[in-house]
Structures are given as C-alpha cells and as structure tokens.
J.: 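Following this message is one structure expressed as structure tokens.
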Amino acid sequence: MAFYYSEPSHTFSEYLLVPGYTSEHCIPDAVSLKTPLVKFRKGQEECPISLNIPMVSAIMQSVSNDTLAIALAKEGGLSFIYGSQSIEDEAAMVRRVKSHKAGFVVSASNLTPDNTLADILALKEKNGFSTVAITEDASPNGKLLGIVTSRDYRVSRMELSTPVREFMTPLEKLVTAPASTTLKEANNIIWDNKLNTLPIVDDNGCLMYFVFRKDYADRKEHPLALQDAEKRYLVGAGINSRDYAQRVPALIEAGADVLCIDSSEGYSYWQKATIDFIREKYGDSVKVGAGNVVDREGFRFLAESGADFIKVGIGGGSICITRETKGIGRGQATALIEVSAARDEYFRETGIYVPICSDGGIVHDYHMTLALAMGADFMMLGRYFARFDESPTPKLLVNGIYVKEYWGEGSNRARNWQRYDLGGKNSLAFEEGVDSYVTYAGSLQDNVARSLYKVKSTMCNCGSLNIPDFQRDAKLTLVSATSIVEGGYHDVTLRSTSGSNT
C-alpha cells in the first residue's frame, strides 16, 4: 500500500495571518525586503548575492526576456531569462541586460533620411518613442546623421510623404558626446546646454547610446536597483538537464550572474548530474538554483547535491496542468511549510543556509506575504509579470478588454520538452500547460510598488520590519470554508462606481 498523508495539503487561500503588536516604529517605509538569493554560512558571512525585493520572474517565454529583466532589476528583483530558445539567443538576451548601462539607452527607434514623415508616425505609434535616430542604415549603431523629435514636425502642416532629411535636426546642429563620457558628465552636458537628449557617438561617428534628461529623475526613483560591482544590472538564466554542457559556458561567458535549472520536478538524477557538471567545471563560483520539490526529501537531495537555492512547488501555476494530467503535486502552502522546516533543519546541521523560492500558487498580493511568513526567501512569479508592459508578448484588445498572451512552458506553443524530460524521447509527449490571456495591468514599476506596499503594511501589522523577523514571529491560522466567504464582501449589494467620485 502506498504511503498516505493523514492531513490534506493546503493552498495559500486557506490561511490568514494573525496580527501582532505594532509599535510606533512599524511603518511601511521602514520595512526592508532584502533577502538572500543563494546559499551562505548565515551568521558567519554575507550572502554573495541578495535581492532587494523578494521577487524573481519565471523562466518562461511569455515572461522573462531582456526587457523585463532590466525593468525588474531596476526595482531590486531579478529575472531568469527563459531557456527554451537557442543557446545563442538566450546568451544574447543575457548580454543585452549586462551591457545595458544605467542611463545609457540603445536607440529603439531608427530610420534613414530617405524615410518619410509617415514612417516617423508609424514608428511612434508602434513603440511610443518620440525620439528617432536617423542613421545611414537605420540601425541603432549606424553612422549618426541626425535625430527627429516631436518638435521637428507638425502633422497638420506637412505632407506625410515629406522625406525625413527635410525636417530632421542634422548632425551638425546636434550636441553630442564621445564614447568616453561618464553618466555624470553626460548629465552635466544636458543641463548646461538645456537638452532633452544627448547622443553618445564613437570615434567613427556611429551612434552608441542616448542619454535622456528624463532618465536622471528616473534613476533617482530606483534606489533599490540590483547591480553588480560595475553598476551593471544583475540577471539570471534558465538552463535544462540536457544541453547544460554547451549552454552553461555560453551563459557564463555572456555574463549571467546566476543560473537556475528549469524543470517541473527536481528530485531527480538529471538535476544532480547538471549540478555536478557545474561544480566540476566552475567550483562554487557559478551559482545555480534547482527544483522543483514539495517535501523534505526533495529539499535534502538538492541541498546535498550542491544547489545554491531550491524552488518549491509543483502544479500550482495558473497555466500549469501537471496535477490534472499526471496526478502529482501538493498544495503550495503545505509544500512550502514542510520545505522551510527542512531548510532550517539543514542549517542547524551544517551551518549553511539554502534559500528557498516559492514558485506558483500566488493569486492575490496577500499570498506573497503568506509565502514569506511560511518561510520563503523569495517568490518566482509568472502570471504576475506577464501582465505588464515590459513582458515579451503584445498587448491585444479581446472582447473590449486589453490583455497580454501568457502560455505555459509545457504547452504545445512553447514545446519546452526539456523541462519535463525523464531521459526519454526528444519531444513533448503531452501538454502540461495551457495557452491563455491575462488582463493587461500597465507598467511593472507601478504594480510592483503597489504589491510590495501591501506586503510591507501587513508585516507592520505583525510587528516585523524585515523578512527574517517576520518568518520568526508571524502567526498563521487555517481558516474554514465559511471563514473564506466571510473574508470578502458579503450580504451587501455593490454600488456602481461609474460616474462616481469615489
């Protein structure tokens, strides 16, 4: 007879936090969400890599590309570039994040002098940028010939067929700066010359970057930006347990700060073999996370195999149907509570603290707070980030609502068979994910700030100003089905807010 757990597994929605004493010092602005990303000897050394907010983005085609990685690093989190693409393409995304100099922007809108006003307007409609670089070959690093901004044309008084060369601001009238210019020097040039945009050009006259006046204030708005010693944004990358011997060296060469094995189930020979390869080739200099697991045994296996952090959760993602198709998994809250206890047990035995990542099951913002209280050091989020401007998918209008596409790595669309590989054939035998839409939510910065303010506020209600204290002091209670109903609005008729000032 199979082993049978006497207690059912639970989800986040089945728990609530019980408030603790809130002192006058417990205000959201005083809360620190800094948290370790990789293992370290807690109490004896600093963690080699820490997050400034407990958020990482999921290793998914519809979530984590270089654009989202830069946006999330600005807020203090980290993205894992998806690995279900060619080694060359993934390495190129990592390289773009690492080469993105804060304040130095590679031009995203580029045309030639032979293009027309109609082309300018179409490009602005497509990407929303009003500054267009005019180069010889319309490339972002071509020979700079001029720029066009909204001040250079008036649609009501010009023909759409007017060539760009007739209304652009030519190079000889531009203030530019050489490649050696520092960001501080660039900002001084902008202010001294009352500019909105400063092109940075190399010795051959080719455009390298733009520095924008508006970005000076933007940088002041990101005090938690996650950067390395050279002020480059940190970025992670997903790997699999099949082509790691080729993929890992390419990603390390590209500058990836941390790797993560992307797999639906991590308690396996293949995960250990992948970690063994990395340790034999790089020692402890390359950091690699592993998973996913849902119990003590899975955690111990990966910790003893040398994983730098361990992901927890099977089947809890909004687009994941692993539980439905294979009948494996566990309620995310129960899995997290057990693995957290195993993490603490391992620390007491070895002195090594292995951070755990809660992956899946986050439906509401308060679930993030519960995950931290249950022991997670940080959360991996897919649906949450897929909704934002910075994710890779287009914004679509479906049935009168703006949405973004979101699909699972186990869907026929992604066909990421390596994620579900059990040493069999090189194909996806059946789907473990779906193809879907999520409601569009706007910018990453605004939403992350709003979500984390809720987390901080709840931590204050529990009397905690940092994550370790919160994990130690939080009090959790299971709730009944009736309590869940009671927790929402009930026994009232909601008023329509259309036309209202409320």
Side-chain angles (χ1 to χ4, degrees), residues 37-38 49 51 53 55-102 106 225-228 232-264 274 278 282 286-292 308-309 311 317 319 357 359 378-386 388-393 404-410 413-419 433 444 448:
L37 176 67
V38 297
I49 307 176
L51 301 168
I53 62 172
M55 288 179 161
V56 300
S57 66
I59 310 169
M60 301 176 69
Q61 294 174 6
S62 54
V63 177
S64 295
N65 67 344
D66 49 313
T67 305
L68 189 121
I70 292 168
L72 183 52
K74 286 182 179 180
E75 302 308 314
L78 183 97
S79 286
F80 285 92
I81 302 296
Y82 68 91
S84 52
Q85 58 180 322
S86 72
I87 295 172
E88 294 75 20
D89 287 346
E90 185 180 11
M93 283 191 180
V94 170
R95 200 171 284 112
R96 284 198 290 273
V97 178
K98 297 307 292 186
S99 64
H100 182 93
K101 298 168 67 178
V106 176
L226 196 64
Q227 297 175 321
D228 61 21
R232 301 175 303 175
Y233 292 127
L234 266 60
V235 63
I239 61 174
N240 62 69
S241 56
R242 292 288 290 224
D243 66 6
Y244 55 82
Q246 296 77 41
R247 191 173 293 268
V248 169
L251 295 174
I252 296 304
E253 189 277 330
D257 297 285
V258 60
L259 306 176
C260 185
I261 304 171
D262 183 25
S263 175
S264 65
T274 305
I278 292 172
Y282 299 100
V286 170
K287 308 302 181 184
V288 56
N292 289 21
D308 285 292
F309 67 85
K311 292 200 297 169
I319 42 68
C357 168
D359 180 15
F378 55 98
M379 290 90 55
M380 179 170 279
L381 305 163
R383 181 194 62 85
Y384 179 85
F385 288 117
F388 302 150
D389 289 317
E390 295 85 355
S391 74
T393 63
K404 297 202 78 176
E405 294 176 300
Y406 180 47
W407 59 91
E409 290 295 291
R413 183 170 185 175
R415 303 205 65 79
N416 182 6
W417 64 268
Q418 295 95 332
R419 189 174 196 273
L444 180 147
V448 166

J.: Nearest 0.5 Å, what's the CD-CZ distance between E88 and R95?
T.: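 So the CD of E88 and the CZ of R95 are separated by 10.0 Å.
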J.: List the steps and the verdict of side-chain contact (heavy atoms from CB on, under 4.5 Å) for K311 and C260.
T.: CA-CA 9 Å; K311 292 200 297 169; C260 185; 3.9 Å; yes
J.: Any side-chain heavy atom of K74 sitting closer than 4.5 Å to one from Y233?
T.: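 Counting from C-beta outward, K74 and Y233 do come under 4.5 Å.
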J.: Do any N or O atoms from the side chain of R247 and from the backbone of G83 form a donor-acceptor pair under 3.5 angstrom?
T.: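 Checked: pair present.
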J.: Should L259 and I252 count as side-chain neighbours, where that means a heavy-atom distance under 4.5 Å?
T.: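 The answer is yes; the side chains approach within 4.5 Å.
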J.: Verify whether one side chain among T67 and E390 offers a donor that lies under 3.5 Å from an acceptor in the other.
T.: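 No, E390 and T67 have no side-chain donor paired with an acceptor closer than 3.5 Å.
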J.: If you take all heavy atoms of L234 and A73, which pair is closest and at what distance?
T.: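 That closest heavy-atom pairing would be O-CB, 4.0 Å.
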J.: So, do L78 and M55 sit near enough that their side-chain heavy atoms are less than 4.5 Å apart?
T.: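 L78 does not reach M55 side chain to side chain.
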J.: Which pair of non-hydrogen atoms, one from I81 and one from I59, has the smallest distance, and what is that distance?
T.: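 Closest heavy-atom pair between I81 and I59: O-CG2, 3.9 Å.
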J.: With heavy-atom distances below 4.5 Å as the criterion, would you say the side chains of L68 and S57 are in contact?
T.: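 L68 vs S57: side chains touch.
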J.: State whether the side chain of S64 and the backbone N or O of M60 hold a donor-acceptor pair below 3.5 Å, judged by distance alone.
T.: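 No: the side chain of S64 does not pair with the backbone of M60.
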J.: What are the two closest heavy atoms between G238 and L251, and how far apart are they?
T.: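 Of all heavy-atom pairs spanning G238 and L251, the closest is O-CD1, 4.0 Å.
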J.: According to the interplanar angle, ranging from 0 to 90°, do the rings of F80 and F309 count as parallel (below 30°), tilted (30 to 60°) or perpendicular (above 60°)?
T.: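 Ring orientation, 0 to 90° scale: tilted.
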J.: For I261 and A290, work out which heavy atoms get closest and say how close.
T.: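 Distance-wise, the nearest heavy atoms are CD1-CB, 4.2 Å.
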J.: Would you please test E90 and M93 for side-chain contact (heavy atoms from CB on, under 4.5 Å) and show each step?
T.: CA-CA 5 Å; E90 185 180 11; M93 283 191 180; 5.7 Å; no
J.: CD/E75 to CG/L226 distance, rounded to the nearest 0.5 angstrom?
T.: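 Rounded to the nearest 0.5 Å, the CD-CG separation comes out at 11.5 Å.
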J.: Closest heavy-atom contact between A58 and G382?
T.: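 That closest heavy-atom pairing would be CB-CA, 3.7 Å.
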J.: Under the ring-ring contact (aromatic ring centres under 6.0 Å, His included) rule, collect the residues that match up with Y384, sequence neighbours excluded.
T.: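 ring-ring contact (aromatic ring centres under 6.0 Å, His included) check on Y384 returns F388.
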J.: Does a side-chain heavy-atom distance below 4.5 Å link V63 with S391?
T.: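 Result no, sub-4.5 Å side-chain heavy-atom pair not found.
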J.: Would you say the side chain of V258 lies within less than 4.5 Å of the side chain of V288, judging by non-hydrogen atoms?
T.: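 No - every pair of side-chain heavy atoms lies 4.5 Å or more apart.
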J.: Is a donor on one side and an acceptor on the other found under 3.5 Å between the side chain of D257 and the backbone of V235?
T.: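 Confirmed, D257 side chain pairs with V235 backbone.
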J.: Working note: N292 + D359, criterion side-chain hydrogen bond (donor to acceptor under 3.5 Å, both in side chains); need CA distance, chi angles, decisive distance, verdict.
T.: CA-CA 8 Å; N292 289 21; D359 180 15; 2.9 Å; yes
J.: Do D262 and N240 have side chains that get closer than 4.5 Å, going by heavy atoms?
T.: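 The answer is no, as the side chains (C-beta and beyond) never meet within the 4.5 Å cut-off.
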J.: Tell me which one of L444, V97, N65 satisfies side chain to side chain contact (heavy atoms under 4.5 Å, CB included) with I70.
T.: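 Only one option passes, and that is V97.
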J.: Salt-bridge test for K98 and D228: reply yes if a basic N is under 4.0 Å from a carboxylate O, no otherwise.
T.: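 Answer for the salt bridge query: yes.
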J.: Dump the intermediate steps for side-chain contact (heavy atoms from CB on, under 4.5 Å) on L72 and F385, then the final yes or no.
T.: CA-CA 9 Å; L72 183 52; F385 288 117; 3.8 Å; yes
J.: Please check if the side chain of Y406 supplies one atom and the backbone of A386 the other of a donor-acceptor pair under 3.5 Å.
T.: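 Absent.
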J.: Using side-chain heavy atoms (C-beta onward) and a distance below 4.5 Å, is Q85 in contact with Q61?
T.: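 They are not in contact (no side-chain heavy atoms under 4.5 Å apart), so the answer is no.
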